[in-house]
Amino acid sequence: MASPAVSRVRRQLPSSPWLFAAPGLIVIGAFVLYPFVSTLVNAFTDRRTLVPGEFVGLANFRELLHDDMFWIGLRNSTLYVLGVVPALVILPLLLALLVQKSIPGITFFRSAFYTPVVASIVVVGLIWVWLLDERGLVNSLLEAVGVGRIGFLSDQWLLLLSAMAVTVWKGLGYYMIIYLAALGNVPRELHEAAAVDGAGAVRRFLTVTVPAVRSTMVLVAALSSVAAFKVFSEVYLMAGPAGGPAGEDTTLVMLVQRTGTGLTGRVGYASAISVVVFVVTVVLMLLVLRADRREER
(Lines give C-alpha, C1' and ligand atoms only; values in the text may rest on other atoms or scores of the structure.)
Protein backbone atom coordinates (compact mmCIF):
# COMPACT_ATOMS: atom_id res chain seq x y z
CA MET A 1 0.00 0.00 0.00
CA ALA A 2 1.36 3.44 -0.95
CA SER A 3 2.41 5.75 1.85
CA PRO A 4 0.41 8.93 2.59
CA ALA A 5 3.21 11.06 1.13
CA VAL A 6 3.17 9.15 -2.17
CA SER A 7 -0.63 9.31 -2.35
CA ARG A 8 -0.49 13.05 -1.74
CA VAL A 9 2.02 13.54 -4.55
CA ARG A 10 -0.16 11.48 -6.90
CA ARG A 11 -3.20 13.62 -6.11
CA GLN A 12 -1.23 16.83 -6.64
CA LEU A 13 0.49 15.65 -9.85
CA PRO A 14 -1.86 13.18 -11.56
CA SER A 15 0.08 13.52 -14.82
CA SER A 16 3.53 12.92 -13.30
CA PRO A 17 4.00 9.48 -14.98
CA TRP A 18 3.48 11.13 -18.37
CA LEU A 19 6.14 13.72 -17.53
CA PHE A 20 8.71 10.95 -17.08
CA ALA A 21 7.58 9.24 -20.29
CA ALA A 22 7.42 12.49 -22.29
CA PRO A 23 11.08 12.57 -23.51
CA GLY A 24 10.86 9.04 -24.88
CA LEU A 25 7.45 9.66 -26.42
CA ILE A 26 8.68 12.84 -28.09
CA VAL A 27 11.67 11.03 -29.61
CA ILE A 28 9.47 8.16 -30.85
CA GLY A 29 6.92 10.59 -32.26
CA ALA A 30 9.52 12.75 -34.02
CA PHE A 31 11.73 10.00 -35.45
CA VAL A 32 9.37 7.02 -35.83
CA LEU A 33 5.69 7.89 -35.96
CA TYR A 34 5.94 11.15 -37.92
CA PRO A 35 8.23 9.72 -40.66
CA PHE A 36 6.00 6.65 -40.92
CA VAL A 37 2.80 8.67 -41.31
CA SER A 38 4.54 11.14 -43.65
CA THR A 39 5.78 8.31 -45.89
CA LEU A 40 2.33 6.74 -45.96
CA VAL A 41 0.73 10.04 -46.99
CA ASN A 42 3.40 10.83 -49.59
CA ALA A 43 2.89 7.43 -51.21
CA PHE A 44 -0.45 8.68 -52.52
CA THR A 45 0.92 11.96 -53.91
CA ASP A 46 3.23 13.04 -56.73
CA ARG A 47 5.46 14.96 -54.36
CA ARG A 48 9.00 15.78 -55.43
CA THR A 49 11.96 17.12 -53.47
CA LEU A 50 11.13 20.79 -53.98
CA VAL A 51 7.45 20.41 -54.94
CA PRO A 52 4.71 19.66 -52.36
CA GLY A 53 2.75 17.51 -54.80
CA GLU A 54 -0.91 16.64 -55.13
CA PHE A 55 -3.01 13.62 -54.28
CA VAL A 56 -2.85 11.02 -57.08
CA GLY A 57 -4.46 8.04 -55.37
CA LEU A 58 -2.99 4.68 -56.37
CA ALA A 59 -1.11 6.02 -59.39
CA ASN A 60 2.31 5.39 -57.82
CA PHE A 61 1.43 1.80 -57.00
CA ARG A 62 0.06 1.20 -60.49
CA GLU A 63 3.31 2.55 -61.91
CA LEU A 64 5.24 0.08 -59.77
CA LEU A 65 3.57 -2.79 -61.60
CA HIS A 66 5.10 -1.59 -64.89
CA ASP A 67 8.50 -0.56 -63.52
CA ASP A 68 11.20 -3.07 -64.49
CA MET A 69 13.60 -1.75 -61.84
CA PHE A 70 11.00 -2.36 -59.13
CA TRP A 71 10.70 -6.01 -60.12
CA ILE A 72 14.49 -6.33 -60.29
CA GLY A 73 14.74 -4.85 -56.78
CA LEU A 74 11.99 -7.14 -55.50
CA ARG A 75 13.72 -10.16 -57.04
CA ASN A 76 17.09 -9.29 -55.52
CA SER A 77 15.67 -8.52 -52.09
CA THR A 78 13.75 -11.82 -52.12
CA LEU A 79 16.83 -13.77 -53.21
CA TYR A 80 18.77 -12.05 -50.46
CA VAL A 81 16.31 -13.34 -47.86
CA LEU A 82 16.44 -16.87 -49.29
CA GLY A 83 20.22 -16.87 -49.35
CA VAL A 84 21.01 -15.19 -46.05
CA VAL A 85 18.35 -16.31 -43.57
CA PRO A 86 19.05 -20.08 -43.57
CA ALA A 87 22.76 -19.42 -43.07
CA LEU A 88 22.14 -16.96 -40.24
CA VAL A 89 19.78 -19.39 -38.51
CA ILE A 90 22.08 -22.45 -38.64
CA LEU A 91 25.69 -21.23 -38.70
CA PRO A 92 25.53 -19.02 -35.56
CA LEU A 93 23.98 -21.95 -33.65
CA LEU A 94 26.86 -24.23 -34.64
CA LEU A 95 29.31 -21.46 -33.77
CA ALA A 96 27.66 -20.99 -30.37
CA LEU A 97 27.99 -24.71 -29.67
CA LEU A 98 31.72 -24.48 -30.43
CA VAL A 99 32.44 -21.49 -28.18
CA GLN A 100 30.10 -22.61 -25.40
CA LYS A 101 32.67 -24.96 -23.93
CA SER A 102 34.84 -23.66 -21.11
CA ILE A 103 38.35 -24.31 -22.37
CA PRO A 104 41.51 -22.19 -22.15
CA GLY A 105 41.55 -19.35 -24.68
CA ILE A 106 37.86 -19.62 -25.61
CA THR A 107 37.28 -15.98 -24.60
CA PHE A 108 39.65 -14.88 -27.36
CA PHE A 109 37.67 -16.79 -29.99
CA ARG A 110 34.37 -15.41 -28.72
CA SER A 111 35.75 -11.88 -29.02
CA ALA A 112 37.19 -12.60 -32.46
CA PHE A 113 33.87 -13.93 -33.77
CA TYR A 114 32.04 -10.91 -32.38
CA THR A 115 34.48 -8.31 -33.75
CA PRO A 116 32.76 -7.96 -37.19
CA VAL A 117 29.53 -7.03 -35.41
CA VAL A 118 31.00 -3.90 -33.82
CA ALA A 119 32.94 -2.93 -36.95
CA SER A 120 31.44 -0.23 -39.16
CA ILE A 121 29.57 -1.64 -42.13
CA VAL A 122 31.36 0.89 -44.34
CA VAL A 123 34.75 -0.38 -43.17
CA VAL A 124 33.65 -3.99 -43.57
CA GLY A 125 32.29 -3.31 -47.06
CA LEU A 126 35.48 -1.58 -48.20
CA ILE A 127 37.63 -4.41 -46.83
CA TRP A 128 35.67 -6.98 -48.79
CA VAL A 129 35.73 -4.82 -51.91
CA TRP A 130 39.52 -4.70 -51.68
CA LEU A 131 39.64 -8.46 -51.14
CA LEU A 132 37.32 -9.36 -54.03
CA ASP A 133 38.38 -6.69 -56.51
CA GLU A 134 39.76 -7.75 -59.88
CA ARG A 135 43.25 -7.05 -58.55
CA GLY A 136 42.45 -7.88 -54.93
CA LEU A 137 43.99 -10.46 -52.63
CA VAL A 138 41.54 -13.26 -53.42
CA ASN A 139 41.99 -12.99 -57.19
CA SER A 140 45.75 -12.68 -56.80
CA LEU A 141 45.80 -15.96 -54.85
CA LEU A 142 43.52 -17.64 -57.38
CA GLU A 143 45.76 -16.53 -60.22
CA ALA A 144 48.83 -17.74 -58.33
CA VAL A 145 47.41 -21.28 -58.08
CA GLY A 146 46.37 -21.28 -61.74
CA VAL A 147 42.61 -20.85 -61.35
CA GLY A 148 42.47 -17.41 -62.93
CA ARG A 149 40.76 -14.23 -61.87
CA ILE A 150 37.03 -14.31 -61.07
CA GLY A 151 34.76 -11.28 -61.48
CA PHE A 152 33.27 -11.24 -58.01
CA LEU A 153 32.30 -7.59 -58.36
CA SER A 154 31.57 -7.50 -62.09
CA ASP A 155 29.31 -10.52 -62.52
CA GLN A 156 25.65 -9.95 -61.63
CA TRP A 157 25.11 -13.12 -59.59
CA LEU A 158 28.58 -13.38 -58.08
CA LEU A 159 28.26 -9.81 -56.84
CA LEU A 160 24.96 -10.60 -55.14
CA LEU A 161 26.40 -13.77 -53.61
CA SER A 162 29.44 -11.82 -52.40
CA ALA A 163 27.20 -9.27 -50.69
CA MET A 164 25.29 -12.13 -49.05
CA ALA A 165 28.56 -13.59 -47.78
CA VAL A 166 29.45 -10.23 -46.21
CA THR A 167 26.06 -10.03 -44.51
CA VAL A 168 26.41 -13.54 -43.12
CA TRP A 169 30.01 -12.94 -42.00
CA LYS A 170 29.07 -9.73 -40.19
CA GLY A 171 25.95 -11.19 -38.57
CA LEU A 172 27.43 -14.46 -37.29
CA GLY A 173 28.73 -12.99 -34.04
CA TYR A 174 25.52 -11.10 -33.25
CA TYR A 175 23.26 -14.12 -33.55
CA MET A 176 25.89 -16.31 -31.87
CA ILE A 177 25.45 -14.25 -28.69
CA ILE A 178 21.68 -14.76 -28.85
CA TYR A 179 22.14 -18.50 -29.20
CA LEU A 180 24.68 -18.60 -26.35
CA ALA A 181 22.08 -17.08 -24.05
CA ALA A 182 19.52 -19.70 -25.15
CA LEU A 183 21.96 -22.60 -24.84
CA GLY A 184 22.74 -21.55 -21.28
CA ASN A 185 19.14 -22.38 -20.36
CA VAL A 186 19.23 -25.92 -21.79
CA PRO A 187 19.39 -28.40 -18.87
CA ARG A 188 22.59 -30.44 -18.90
CA GLU A 189 20.59 -33.44 -17.67
CA LEU A 190 18.89 -33.72 -21.07
CA HIS A 191 22.22 -34.19 -22.84
CA GLU A 192 23.39 -36.64 -20.20
CA ALA A 193 20.21 -38.69 -20.48
CA ALA A 194 20.48 -38.77 -24.28
CA ALA A 195 24.14 -39.84 -24.03
CA VAL A 196 23.20 -42.65 -21.64
CA ASP A 197 20.64 -43.84 -24.21
CA GLY A 198 23.44 -44.09 -26.74
CA ALA A 199 22.75 -40.91 -28.73
CA GLY A 200 25.75 -39.49 -30.53
CA ALA A 201 26.68 -35.82 -30.90
CA VAL A 202 24.60 -35.32 -34.07
CA ARG A 203 21.55 -37.03 -32.64
CA ARG A 204 21.80 -35.05 -29.37
CA PHE A 205 21.98 -31.89 -31.45
CA LEU A 206 18.84 -32.79 -33.42
CA THR A 207 16.76 -34.22 -30.55
CA VAL A 208 17.88 -32.08 -27.60
CA THR A 209 19.55 -28.85 -28.68
CA VAL A 210 17.35 -27.88 -31.62
CA PRO A 211 14.00 -28.40 -29.81
CA ALA A 212 15.33 -26.51 -26.78
CA VAL A 213 16.33 -23.43 -28.80
CA ARG A 214 13.56 -23.58 -31.41
CA SER A 215 11.92 -20.37 -30.16
CA THR A 216 15.29 -18.63 -30.43
CA MET A 217 15.71 -19.94 -33.97
CA VAL A 218 12.33 -18.43 -34.84
CA LEU A 219 13.45 -15.10 -33.37
CA VAL A 220 16.69 -15.19 -35.37
CA ALA A 221 14.76 -16.09 -38.53
CA ALA A 222 12.39 -13.17 -38.05
CA LEU A 223 15.14 -10.64 -37.31
CA SER A 224 17.41 -11.79 -40.12
CA SER A 225 14.51 -11.91 -42.62
CA VAL A 226 13.58 -8.30 -42.00
CA ALA A 227 17.22 -7.17 -42.08
CA ALA A 228 17.96 -9.13 -45.27
CA PHE A 229 14.94 -7.79 -47.14
CA LYS A 230 15.92 -4.22 -46.21
CA VAL A 231 19.58 -4.71 -47.16
CA PHE A 232 21.29 -1.61 -48.47
CA SER A 233 24.84 -0.96 -47.28
CA GLU A 234 26.49 -4.20 -48.36
CA VAL A 235 25.10 -4.15 -51.91
CA TYR A 236 25.56 -0.39 -52.25
CA LEU A 237 29.22 -0.53 -51.22
CA MET A 238 30.06 -3.53 -53.39
CA ALA A 239 27.88 -2.77 -56.43
CA GLY A 240 28.10 1.02 -56.35
CA PRO A 241 25.26 3.57 -56.65
CA ALA A 242 24.27 2.13 -60.05
CA GLY A 243 23.50 -1.26 -58.51
CA GLY A 244 26.04 -3.38 -60.38
CA PRO A 245 26.12 -4.16 -64.11
CA ALA A 246 23.12 -2.42 -65.73
CA GLY A 247 21.60 -2.01 -62.28
CA GLU A 248 20.80 -5.74 -62.12
CA ASP A 249 21.87 -5.97 -58.44
CA THR A 250 19.66 -3.14 -57.22
CA THR A 251 17.61 -3.90 -54.10
CA LEU A 252 14.34 -2.24 -53.12
CA VAL A 253 15.94 -0.01 -50.48
CA MET A 254 18.60 1.06 -52.98
CA LEU A 255 15.80 1.92 -55.40
CA VAL A 256 14.13 4.03 -52.71
CA GLN A 257 17.38 5.92 -52.12
CA ARG A 258 18.03 6.40 -55.83
CA THR A 259 14.49 7.49 -56.67
CA GLY A 260 13.70 9.73 -53.73
CA THR A 261 16.92 11.73 -53.29
CA GLY A 262 18.41 14.64 -55.17
CA LEU A 263 16.89 17.89 -56.34
CA THR A 264 14.59 16.05 -58.73
CA GLY A 265 13.83 13.13 -56.43
CA ARG A 266 10.39 11.57 -56.76
CA VAL A 267 9.52 11.49 -53.07
CA GLY A 268 5.99 10.22 -53.66
CA TYR A 269 7.11 7.31 -55.82
CA ALA A 270 9.93 6.42 -53.43
CA SER A 271 7.42 6.48 -50.56
CA ALA A 272 5.24 4.01 -52.44
CA ILE A 273 8.21 1.64 -52.72
CA SER A 274 8.86 2.12 -49.01
CA VAL A 275 5.29 1.14 -48.22
CA VAL A 276 5.75 -2.05 -50.25
CA VAL A 277 8.95 -2.83 -48.31
CA PHE A 278 7.09 -2.30 -45.02
CA VAL A 279 4.20 -4.55 -46.03
CA VAL A 280 6.51 -7.33 -47.21
CA THR A 281 8.58 -7.25 -44.01
CA VAL A 282 5.41 -7.50 -41.91
CA VAL A 283 4.25 -10.44 -44.04
CA LEU A 284 7.65 -12.13 -43.59
CA MET A 285 7.41 -11.86 -39.82
CA LEU A 286 3.84 -13.17 -39.81
CA LEU A 287 4.85 -16.14 -41.97
CA VAL A 288 7.72 -17.02 -39.63
CA LEU A 289 5.47 -16.77 -36.57
CA ARG A 290 2.75 -18.80 -38.29
CA ALA A 291 5.23 -21.54 -39.19
CA ASP A 292 6.39 -21.61 -35.57
CA ARG A 293 2.83 -22.01 -34.29
CA ARG A 294 2.17 -24.89 -36.71
CA GLU A 295 5.22 -26.75 -35.37
CA GLU A 296 4.02 -26.28 -31.80
CA ARG A 297 0.72 -28.04 -32.54
Side-chain angles (χ1 to χ4, degrees), residues 28 32 36 74-101 109-110 113-118 121 124 160-161 163-195 199-235 251-253 274-297:
I28 293 175
V32 179
F36 175 78
L74 182 61
R75 177 199 66 192
N76 292 332
S77 296
T78 304
L79 290 176
Y80 217 89
V81 172
L82 297 177
V84 167
V85 173
L88 286 179
V89 171
I90 298 173
L91 295 182
L93 176 57
L94 300 178
L95 198 61
L97 290 172
L98 291 176
V99 302
Q100 185 188 24
K101 300 178 180 180
F109 289 100
R110 290 177 180 175
F113 292 142
Y114 192 75
T115 299
V117 179
V118 298
I121 183 60
V124 169
L160 197 63
L161 289 174
M164 292 180 187
V166 174
T167 300
V168 172
W169 178 77
K170 185 169 172 54
L172 280 177
Y174 176 76
Y175 296 113
M176 178 194 72
I177 296 298
I178 296 178
Y179 278 125
L180 279 174
L183 291 172
N185 296 323
V186 179
R188 187 182 299 273
E189 292 79 8
L190 294 178
H191 289 279
E192 294 175 352
V202 176
R203 187 173 180 183
R204 291 200 303 273
F205 172 76
L206 296 176
T207 60
V208 178
T209 303
V210 171
V213 300
R214 188 169 58 84
S215 59
T216 304
M217 296 177 71
V218 173
L219 173 64
V220 171
L223 294 176
S224 57
S225 296
V226 174
F229 193 80
K230 298 191 302 181
V231 66
F232 172 79
S233 301
E234 293 92 323
V235 181
T251 64
L252 284 180
V253 178
S274 300
V275 171
V276 173
V277 173
F278 171 75
V279 171
V280 174
T281 53
V282 171
V283 171
L284 282 174
M285 295 194 68
L286 292 177
L287 290 176
V288 172
L289 295 176
R290 184 177 179 83
D292 179 51
R293 290 177 181 176
R294 283 184 177 179
E295 292 183 3
E296 289 179 351
R297 294 175 181 176

field: Check: Tyr80 side chain, Val85 main-chain N or O, donor-acceptor pair, under 3.5 Å
entry: no
message: With heavy-atom distances below 4.5 Å as the criterion, would you say the side chains of Tyr179 and Met217 are in contact?
response: yes
Minimum side-chain heavy-atom gap Lys170-Ile121 below 4.5 Å: yes
query: More than 12 foreign heavy atoms under 6.0 Å from CZ of Phe109: is that the case here?
result: no
query: Do Arg110 side-chain atoms and Val99 backbone N/O form a donor-acceptor pair below 3.5 Å?
result: yes
query: For the atom pair CE (Met176) and CG (Leu95), what is the distance rounded to the nearest 0.5 Å?
result: 5.5 Å
- line: In short, ring pair (Phe, Tyr, Trp, His ring centres under 6.0 Å) pairs touching residues 199-231 with sequence neighbours left out are none
task: Verify ring-ring contact (aromatic ring centres under 6.0 Å, His included) between Phe36 and Phe278, making sure each step is shown before the conclusion.
output: CA-CA 10 Å; Phe36 175 78; Phe278 171 75; 5.2 Å; yes
field: For Leu172 against Leu88, the heavy-atom pair lying closest together
entry: N-CD2, 4.2 Å
message: Does Val288 form a side chain to side chain contact (heavy atoms under 4.5 Å, CB included) with Leu284? I'd like the steps, not just the answer.
response: CA-CA 6 Å; Val288 172; Leu284 282 174; 5.6 Å; no
- request: For the residue pair Leu91 and Val168, establish whether any side-chain heavy-atom pair is separated by less than 4.5 Å.
  value: yes
- request: Identify the two heavy atoms, one from Ala163 and one from Val235, that lie closest to each other, and give their separation to 0.1 Å.
  value: CB-CG2, 3.9 Å
Pair Leu97-Gln100, side chain to side chain contact (heavy atoms under 4.5 Å, CB included): steps then yes or no: CA-CA 5 Å; Leu97 290 172; Gln100 185 188 24; 4.1 Å; yes
message: Quick check for you: to the nearest 0.5 Å, what is the distance between Thr209 atom OG1 and Leu94 atom CG?
response: 10.0 Å
field: Closest heavy-atom pair and its distance - Ala87, Pro92
entry: O-CD, 3.3 Å
- line: Closest heavy-atom pair, Tyr114 versus Gly173, reported as atoms and distance to 0.1 Å, is CD1-O, 3.5 Å
query: What is the minimum heavy-atom distance between Lys230 and Thr281, and which atoms define it?
result: CG-CG2, 4.0 Å
task: Measure the shortest side-chain to side-chain distance between Leu161 and Met164 over non-hydrogen atoms and say whether it is less than 4.5 angstrom.
output: yes
Contact summary for Thr251 and Ser77, nearest pair of heavy atoms: CB-OG, 3.6 Å
query: Rounded to the nearest 0.5 Å, what separation is found between the CD1 atom of Ile177 and the CZ atom of Phe113?
result: 11.0 Å
statement: Separation between OG1 (Thr78) and CG (Leu82), nearest 0.5 Å, reads 7.0 Å
statement: Separation between OG1 (Thr216) and CD1 (Ile178), nearest 0.5 Å, reads 8.0 Å
query: Got Val253 and Val231 here, is their nearest side-chain heavy-atom distance under 4.5 Å?
result: no
